Participant: 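Sending over a structure as structure tokens; questions will come in a sec.
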Amino acid sequence: MRRFRFVVGLVAITAAAALSPVRVQAQTPDTSVESVAQHLVGLLAEPGPVSAAMLRERIDAGVPPGAMLVVLDAYRAAPRDDLRDLVKALTTYRGLEVRLRALAAWAALGG
């Protein structure tokens, strides 16, 4: 009986530690719209094919529309010719606001 209580207690402590808010919070990535937008704008600001490829991959993986709007505004402020095809592709985005901003960014480049 004593061994049984020990095992039950050990399981309870292990479960409590595994589900503690601190541990869950540490494993949860920061995916707020602001942080995603900041990360993407940072990639946009870095010249070169590596940052362009990383930006494309992240956008292809899925980005909140609010973050896309921020990225397109940043692109219009400092356009990169190597990302022209990405902006052109975003002109067919399902969200109207993103589509309009992409069209404006593409038109500003003489698209």
Side-chain angles (χ1 to χ4, degrees):
M1 185 67 163
R2 184 180 267 184
R3 183 178 174 105
F4 177 74
R5 280 189 275 174
F6 174 77
V7 171
V8 169
L10 186 61
V11 169
I13 291 171
T14 305
L19 297 175
S20 73
V22 174
R23 182 178 173 94
V24 172
Q25 184 178 14
Q27 292 177 346
T28 304
D30 186 16
T31 56
S32 68
V33 173
E34 294 84 10
S35 65
V36 171
Q38 184 180 22
H39 174 70
L40 295 176
V41 169
L43 289 174
L44 183 65
E46 293 179 28
V50 174
S51 63
M54 290 174 65
L55 185 63
R56 281 188 182 91
E57 286 176 18
R58 183 62 178 99
I59 289 174
D60 288 344
V63 174
M68 288 300 305
L69 297 175
V70 172
V71 170
L72 288 167
D73 286 344
Y75 180 85
R76 283 178 55 194
R80 288 177 53 176
D81 197 47
D82 59 338
L83 293 172
R84 182 184 295 254
D85 61 325
L86 177 64
V87 173
K88 183 180 176 185
L90 290 174
T91 62
T92 61
Y93 191 83
R94 68 181 177 274
L96 180 62
E97 273 189 85
V98 173
R99 226 177 17 236
L100 291 174
R101 296 258 178 110
L103 283 168
W106 192 40
L109 295 171

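What you see below is based on every heavy atom in this structure, not just the backbone, and it leaves out hydrogens, waters and symmetry mates. Since we're looking at a predicted model, the values are computed, not measured.
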Participant: Sequence neighbours excluded, which residues qualify as side-chain contact (heavy atoms from CB on, under 4.5 Å) partners of Val63?
Facilitator: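 Residues passing side-chain contact (heavy atoms from CB on, under 4.5 Å) with Val63: Val36, Leu40, Arg58, Ile59, Ala67, Met68.
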Participant: Per the salt bridge (Lys or Arg N to Asp or Glu O under 4.0 Å) rule, what does the pair list look like for residues 32-44, sequence neighbours excluded?
Facilitator: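 Qualifying pairs: none.
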Participant: If you look only at pairs with a residue in residues 87-105, which of them pass as a side chain to side chain donor-acceptor pair (under 3.5 Å), with sequence neighbours excluded?
Facilitator: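 Pairs touching residues 87-105 that pass the test: Asp73-Arg101.
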Participant: Test: salt bridge (Lys or Arg N to Asp or Glu O under 4.0 Å). Region: residues 60-69. Which pairs qualify, not counting sequence neighbours?
Facilitator: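 For residues 60-69: none.
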Participant: Using the test salt bridge (Lys or Arg N to Asp or Glu O under 4.0 Å), find all partners of Arg56 that sit at least two apart in sequence or belong to another chain.
Facilitator: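 Scan of Arg56 (salt bridge (Lys or Arg N to Asp or Glu O under 4.0 Å), adjacent residues dropped) gives Asp85.
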Participant: Apply salt bridge (Lys or Arg N to Asp or Glu O under 4.0 Å) to Arg76 and list each qualifying residue two or more places apart in sequence or on a separate chain.
Facilitator: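 Checked Arg76 against salt bridge (Lys or Arg N to Asp or Glu O under 4.0 Å); zero matches.
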Participant: Who else is in the cluster with Leu100 when I, L, V, M, F, W and Y are joined by side-chain contacts under 4.5 Å?
Facilitator: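 Leu96, listed by chain and number.
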Participant: Write out all pairs satisfying side chain to side chain donor-acceptor pair (under 3.5 Å) with one or both partners inside residues 43-52, taking only residues at least two apart or from two chains.
Facilitator: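 Every pair satisfying side chain to side chain donor-acceptor pair (under 3.5 Å) with a residue in residues 43-52: Ser51-Arg80.
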Participant: Can you see which heavy atom on Leu72 is nearest to which on Ala102, and at what distance?
Facilitator: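 Leu72 and Ala102 have their closest heavy atoms at CD1-N, 3.7 Å.
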Participant: Could you tell me which residues satisfy salt bridge (Lys or Arg N to Asp or Glu O under 4.0 Å) with Asp81, sequence neighbours excluded, listed by chain and number?
Facilitator: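 Testing Asp81 for salt bridge (Lys or Arg N to Asp or Glu O under 4.0 Å), a comparison that skips the adjacent residues, returns Arg84.
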Participant: Among the clusters formed by ILVMFWY side chains lying less than 4.5 Å apart, do Leu55 and Val33 turn up in the same one?
Facilitator: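 Cluster IDs for Leu55 and Val33 differ.
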Participant: Closest heavy-atom contact between Asp82 and Ala52?
Facilitator: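 Here Asp82 and Ala52 meet closest at OD2-CB, 3.7 Å.
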